[in-house]
Amino acid sequence: MTEPSAQSTQRDPESVSRFVEHFAAQLVEAGMPRMPSRVFAALLASDTGTLTAAQLGGLLRISPAAVSGAVRYLAQVHLVSREREPGSRRERYRVHSDQWYEVLTNREAIIKRWEDALREGVVSLGADTPAGRRLAETLAFFEFIEQDVAGMMERWRAHRERILGD
């Protein structure tokens with residue numbers, strides 16, 4: 001599995017393919033659908049971080065429809081973005097170096113919405129009922145996680161600056 005564009009270093013295509021399939025399997029085990037996992041791993045393993053649908057289909061031996069569905073999922077969860085190839089109508093898909101930061105940042109907004117719904121649930125079900133107490137505990141957990149993620153992201157930015165100088 002070699003990237004169709006020029007690479008700065010030659011790599012063994014079988015080693016790259018094994019990495020892509022192994023990492024994709026890890027993502028699947030964590031709950032990500034199989035095809036988006038494979039597409040994401042292929043993009044991550046590409047030197048440029050960008051591939052077209054045709055390149056992805058060829059690398060992974062999958063149909064254009066499978067690429068399209070996978071990319072749609074990955075874009076929705078903010079792991080890839082779509083770009084137009086300059087001077088072309090073709091799209092290429094890009095994985096960004098800060099994709100994990102983006103994913104966690106976007107999850108923070110989802111957690112906020114869950115917290116709001118849980119607060120309403122505690123009031124609706126009654127704070128003294130077993131269900132209300134269970135919702136209150138869940139709410140407390142999400143509030144705790146939210147605070148910890150915010151602090152962790154600040155520490156990550158400082159750490160990234162130290163180790164990568166970006």
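Values below: every heavy atom of this structure, side chains too, minus hydrogens, waters and symmetry copies. Count residues from 1 along the sequence. These figures come from a predicted structure and were not determined experimentally.
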Exercise. Would you check if Arg84 and Glu91 make a side-chain contact, meaning some heavy-atom pair closer than 4.5 Å?
Key: yes
Quiz prompt | Heavy-atom pair with the smallest gap, counting every atom of Val71 and Val80 | solution = O-CG2, 4.1 Å
Quiz prompt | Pairs where residues 66-81 contributes a residue and the test salt bridge (Lys or Arg N to Asp or Glu O under 4.0 Å) is met, not counting sequence neighbours | solution = none
What pairs of donor and acceptor atoms, side-chain ones from residues 27-34 against any protein atom, are under 3.5 angstrom apart with sequence neighbours left out?
none

Exercise. Side-chain contact test, heavy atoms from C-beta onward, threshold under 4.5 Å: evaluate it for Glu115 versus Ile145 and give yes or no.
Key: no
Quiz item: Taking everything shown except Gln26 itself, do over 12 heavy atoms lie less than 6.0 Å from its CD?
Solution: yes
Practice problem: Any pair with a residue in residues 122-136 that passes side-chain hydrogen bond (donor to acceptor under 3.5 Å, both in side chains), sequence neighbours left out, goes on the list, sorted by first then second residue, please. | Solution: none
Quiz prompt | Val67 side chain near Arg38 side chain, heavy-atom distance below 4.5 Å | solution = no
Quiz prompt | Residues which pass side-chain hydrogen bond (donor to acceptor under 3.5 Å, both in side chains) with Ser81, listed by chain and number, not counting sequence neighbours | solution = His96
Exercise. Please name all residues satisfying salt bridge (charged side-chain N to carboxylate O under 4.0 Å, His left out) with Glu143, sequence neighbours left out, ordered by chain then number.
Key: Arg119
Self-check item: From OG1 (Thr48) to CG (Leu43), nearest 0.5 Å
Solution: 8.0 Å
Quiz item: Please, which pairs that meet ring-ring contact (aromatic ring centres under 6.0 Å, His included) have at least one residue in residues 43-84, sequence neighbours excluded?
Solution: none
Quiz item: With sequence neighbours excluded, what pairs up with Ala136 under the side-chain contact (heavy atoms from CB on, under 4.5 Å) test?
Solution: Val122
Self-check item: Taking every non-hydrogen atom, the tightest pair across Leu125 and Ala131
Solution: CD1-CB, 3.9 Å
Quiz item: Nearest heavy-atom pair of Val95 and Leu79: which atoms, and what distance?
Solution: CG2-O, 3.7 Å
Quiz item: Given Val39 and Ile62, is the side chain to side chain contact (heavy atoms under 4.5 Å, CB included) satisfied, shown in steps?
Solution: CA-CA 10 Å; Val39 167; Ile62 59 176; 4.1 Å; yes
Exercise. Write out all pairs satisfying ring-ring contact (aromatic ring centres under 6.0 Å, His included) with one or both partners inside residues 41-65, taking only residues at least two apart or from two chains.
Key: none
Quiz item: Do you know the tightest heavy-atom contact between Ala45 and Val20?
Solution: CB-CG2, 3.9 Å
Exercise. Would you please name every residue forming a salt bridge (charged side-chain N to carboxylate O under 4.0 Å, His left out) with Glu83, sequence neighbours left out?
Key: Arg92, Arg94
Self-check item: Least distance between heavy atoms, Ser37 atom then Ala24 atom
Solution: CB-O, 3.5 Å
Quiz prompt | Sequence neighbours excluded - ring-ring contact (aromatic ring centres under 6.0 Å, His included) pairs with any residue from residues 13-67 | solution = Phe19-Phe23, Phe40-Trp100
Quiz item: How many angstroms lie between atom CG of Leu60 and atom CE of Met35, to the nearest 0.5 angstrom?
Solution: 8.0 Å
Quiz prompt | Residue pairs fulfilling ring-ring contact (aromatic ring centres under 6.0 Å, His included) with at least one residue in residues 116-142, sequence neighbours excluded | solution = Trp114-Phe142
Self-check item: Interatomic distance, Ile111 atom CD1 to Glu146 atom CD [nearest 0.5 angstrom]
Solution: 7.0 Å
